[in-house]
Amino acid sequence: MHIPDGFLSANTWVSTWIISIGGIGYCIKKLSKILREKMIPLMGVMSAFIFAVQMLNFPIAAGTSGHLLGGVLAAVLLGPYGGAVVLAVVLSIQCLVFQDGGLTALGANMFNMSFIGSMGGYVIYNSIRRIIGNNKGVLIGTAVASWLSVVLASVFCAVELAISGTSPLQVVLPAMALVHILIGIGEAIISVLVVSFILKIRPDLIYNSKGE
Amino acid sequence: MSKKHIVLWILFSLILAFFISPFASSSPDGLEKVAEDRGFLEKGEIKPVFTSPIPDYTWPGIDNESFATGLAGIFGTLIVFGVAYGMAVIIKR
C-alpha cells in the first residue's frame with residue numbers, strides 16, 4: 001500500500017505533503033503535552049516492531065499478498081497522536097532507506113496510513129471500546145478498527161489515484177477496497193494477537209486518554 | 001516499560017526481521033496487484049526521484065538473498081527504533 005513515485009499527479013502529491021506536514025506538526029505539539037515517561041521507549045519499540053512486521057507479507061488470494069499496516073495497533077498503545085507519529089517514522093525510513101514508497105508520494109502515504117489508518121482507526125477503536133467497556137471492548141475495538149482502518153486507507157489511496165488520473169475511480173476504488181477487505185482480516189488477527197498479549201502481561205501499557 | 005521488556009520486544013522484532021522476513025510472500029501486495037491488473041503499474045516504474053541506499057530491503061553486494069533481506073531487516077528495525085525513540089525524547093523535552 002506504499003504509493004511509488006509516478007502514481008500521483010503533482011497537485012495530489014503536493015497537497016497531501018502539505019496536509020501531512022501540518023498534521024505531523026500538530027501531532028507533535030499535542031504529544032509534547034500528553035507524552036508520558038513510560039511512552040517514550042514504547043514509541044521506539046512499537047515503531048521497530050511495526051517496521052519488522054510490515055516486512056512479513058502474508059499471502060491472501062491468488063498471487064496477492066498483504067502486510068500489517070499497524071496504525072490501530074500503534075494507536076491502541078500510544079494514542080492517536082503517538083500512533084500517527086510512529087507510522088510517519090516507519091514510512092519515512094521505508095521511503096528514504098529502502099525505496100519503499102516514493103519520496104513525492106510520502107505525503108500521501110502518511111495521509112493514508114498515519115492519519116486515516118492510525119488516527120482515524122483510533123477514533124473507531126475508542127468508540128467501540130467505550131460502548132462495550134473493559135478488556136472485551138479493547139479487543140473488539142482493536143479487531144473492528146484494524147480491519148476498517150486498512151479498508152479506509154485503501155479507499156483514500158484509490159481516490160488519490162483517481163484524482164491523479166492514474167485510474168478511473170469506478171475501476172480502482174472497488175479493486176482496492178476488495179483486496180484490502182481481505183488484507184484487513186490479517187491486520188485484525190495480528191493486531192488482536194499483540195493487544196491480547198499486552199493485556200495479559202502489561203495492561204497498563206494500553207493508552208488511556210484520561211492518563212490513568 | 002522496564003528495560004527487560006524493551007530488550008525482549010526489540011529482540012523479538014529483530015528475530016522477525018532477520019529470520020522470518022526471507023520467508024515472506026513475494027507476491028505483489030494489494031496496491032501493486034491492483035496496479036498490475038488495472039494496467040497502471042508502469043506509471044510507477046519510472047526512475048525514483050531519490051535513490052535509497054538499500055532498495056527493496058536487499059542489502060547490496062550480498063549474493064545470498066535471504067541474508068541480504070535479513071540484514072536489511074535488522075538494520076531497518078534498529079534505525080527505526082533509534083529515530084522514534086530519539087524523537088520521543090526530544091518531543092518530551
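The figures that follow rest on heavy atoms only: side chains count, while hydrogens, waters and symmetry mates do not. By convention in this document, chain letters (A, B, ...) are assigned in the order of the sequence lines, proteins followed by strands, and residues within each chain are numbered from 1.
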A.B. asks: For chain A, find which of A17(B), G73(B), G82(B), G76(B) contributes the most heavy-atom pairs closer than 4.5 angstrom.
C.D. replies: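 Greatest number of close heavy-atom pairs with chain A: G76(B).
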A.B. asks: Tell me, out of I50(A), V86(A), L42(A), who's got the most heavy-atom pairs with chain B below 4.5 Å.
C.D. replies: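 Winner by heavy-atom pair count: L42(A).
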A.B. asks: What part of F51(A) gets closer than 4.5 Å to chain B, counting heavy atoms only: side chain, backbone, both or neither?
C.D. replies: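 Only the side chain of F51(A) comes within 4.5 Å of chain B.
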A.B. asks: Counting only non-hydrogen atoms closer than 4.5 Å, does L205(A) touch chain B with its backbone (N, CA, C, O), its side chain (CB onward), both, or neither?
C.D. replies: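 The side chain, not the backbone.
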A.B. asks: Measure from the side-chain N and O atoms of S32(A) to the backbone N and O of I91(B), and report whether any donor-acceptor pair falls under 3.5 Å.
C.D. replies: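 Not confirmed, S32(A) side chain does not pair with I91(B) backbone.
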A.B. asks: Please round to the nearest 0.5 Å and tell me the distance separating atom CG of L161(A) and atom CZ of R38(B).
C.D. replies: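 Output value for this atom pair is 12.5 Å.
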A.B. asks: Rounded to the nearest 0.5 Å, what separation is found between the CG atom of D37(B) and the OG atom of S167(A)?
C.D. replies: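 It is 11.0 Å, given to the nearest 0.5 Å.
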A.B. asks: Identify which of G39(B), S26(B), P22(B), P53(B) forms the greatest number of heavy-atom pairs closer than 4.5 Å to chain A.
C.D. replies: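 Sorted descending by pairs with chain A, the first entry is P53(B).
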A.B. asks: Quick check: closest heavy atoms across H180(A) and L31(B), and the distance to 0.1 Å?
C.D. replies: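 That would be CE1-N, 4.1 Å.
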A.B. asks: I'd like to know which of S65(A), G44(A), A48(A) tops the heavy-atom pair count under 4.5 Å against chain B.
C.D. replies: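 Heavy-atom pair counts peak at S65(A).
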A.B. asks: Taking all heavy atoms of L77(A) and all of W9(B), pick out the closest pair and write down the distance.
C.D. replies: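 Reported closest heavy-atom pair: CD1-CH2, 4.0 Å.
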A.B. asks: Assess whether side chain to side chain contact (heavy atoms under 4.5 Å, CB included) is satisfied between H5(B) and V45(A), documenting all intermediate values.
C.D. replies: CA-CA 10 Å; H5(B) 280 128; V45(A) 169; over 6 Å; no
A.B. asks: Measuring from E36(B):CD to T64(A):OG1, what's the distance to the nearest 0.5 Å?
C.D. replies: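 E36(B) atom CD to T64(A) atom OG1 measures 8.5 Å (nearest 0.5 Å).
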A.B. asks: Tell me, do I20(B) and M55(A) make a side-chain contact under 4.5 Å, heavy atoms counted?
C.D. replies: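 With C-beta onward as the side chain, the pair stays apart.
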A.B. asks: Does F156(A) have more than 12 heavy atoms from other residues, nucleotides or ligands lying within 6.0 Å of its CZ?
C.D. replies: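 No, the 6.0 Å shell around CZ holds no more than 12 heavy atoms from other groups.
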A.B. asks: So, D5(A) side chain and V49(B) main chain: donor-acceptor pair closer than 3.5 Å or not?
C.D. replies: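 Yes; at least one donor-acceptor contact below 3.5 Å.
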A.B. asks: Can you confirm whether more than 12 heavy atoms, excluding those of K29(A), are under 6.0 Å from its NZ atom?
C.D. replies: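 It does not: K29(A) NZ has 12 such atoms or fewer within range.
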A.B. asks: Heavy-atom pairs under 4.5 Å with chain A: which of I74(B), T51(B), L78(B) has the most?
C.D. replies: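 Sorted descending by pairs with chain A, the first entry is T51(B).
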A.B. asks: For Q99(A), is there any backbone N or O sitting under 3.5 Å from a side-chain donor or acceptor partner on S52(B)?
C.D. replies: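 Yes.
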A.B. asks: Please rank M43(A), E37(A), K33(A) by heavy-atom pairs under 4.5 Å with chain B and give me the top one.
C.D. replies: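 With the most close heavy-atom pairs to chain B, the winner is M43(A).
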A.B. asks: Do you know the tightest heavy-atom contact between F7(A) and F40(B)?
C.D. replies: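 The pair with the smallest heavy-atom distance is CE1-O, 3.3 Å.
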A.B. asks: Nearest heavy-atom pair of L56(A) and A24(B): which atoms, and what distance?
C.D. replies: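 Scanning both residues, the minimum pair turns out to be CA-CB, 3.8 Å.
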A.B. asks: Are the side chain of K92(B) and the backbone of L35(A) linked by a donor-acceptor contact shorter than 3.5 Å?
C.D. replies: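 Yes.
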A.B. asks: Is there a side-chain contact between T104(A) and F50(B) in this structure, where contact means two heavy atoms from C-beta onward sitting under 4.5 Å apart?
C.D. replies: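 With C-beta onward as the side chain, the pair stays apart.
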A.B. asks: With only heavy atoms counted, which part of I93(A) is less than 4.5 Å from chain B, the side chain, the backbone, both or neither?
C.D. replies: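 For I93(A), the contact with chain B is made by the side chain alone.
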A.B. asks: When heavy-atom pairs shorter than 4.5 Å are enumerated against chain A, which of I90(B), I46(B), V89(B) gives the highest number?
C.D. replies: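 The option with the most such pairs is I46(B).
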A.B. asks: Count the heavy atoms belonging to other residues, nucleotides or ligands that lie under 6.0 Å from CZ of F12(B), then report whether that count exceeds 12.
C.D. replies: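 No, CZ of F12(B) has 12 or fewer neighbouring heavy atoms, counting only those of other groups under 6.0 Å.
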A.B. asks: With a 4.5 angstrom heavy-atom cut-off, which part of F58(A) approaches chain B: side chain, backbone, both or neither?
C.D. replies: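 Only the backbone of F58(A) comes within 4.5 Å of chain B.
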A.B. asks: Counting heavy-atom pairs under 4.5 Å with chain A, which one of S21(B), S25(B), A72(B), G44(B) comes out on top?
C.D. replies: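 The candidate making the most pairs under 4.5 Å is S25(B).
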A.B. asks: Y57(B) vs F98(A) aromatic rings, parallel, tilted or perpendicular, using cut-offs 30° and 60°?
C.D. replies: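 Aromatic pair Y57(B)/F98(A) classed parallel.
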A.B. asks: Between chain B and each of V179(A), V89(A), I40(A), V172(A), count heavy-atom pairs under 4.5 Å; write down the option with the most.
C.D. replies: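 It is I40(A).
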A.B. asks: Contact part of M39(A) toward chain B, heavy-atom cut-off under 4.5 Å: side chain, backbone, both or neither?
C.D. replies: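 For M39(A), there is no contact with chain B at all, as no heavy atom is under 4.5 Å.
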A.B. asks: Do Y85(B) and P41(A) touch side chain to side chain, with heavy atoms closer than 4.5 Å?
C.D. replies: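 SC-SC contact between Y85(B) and P41(A) confirmed.
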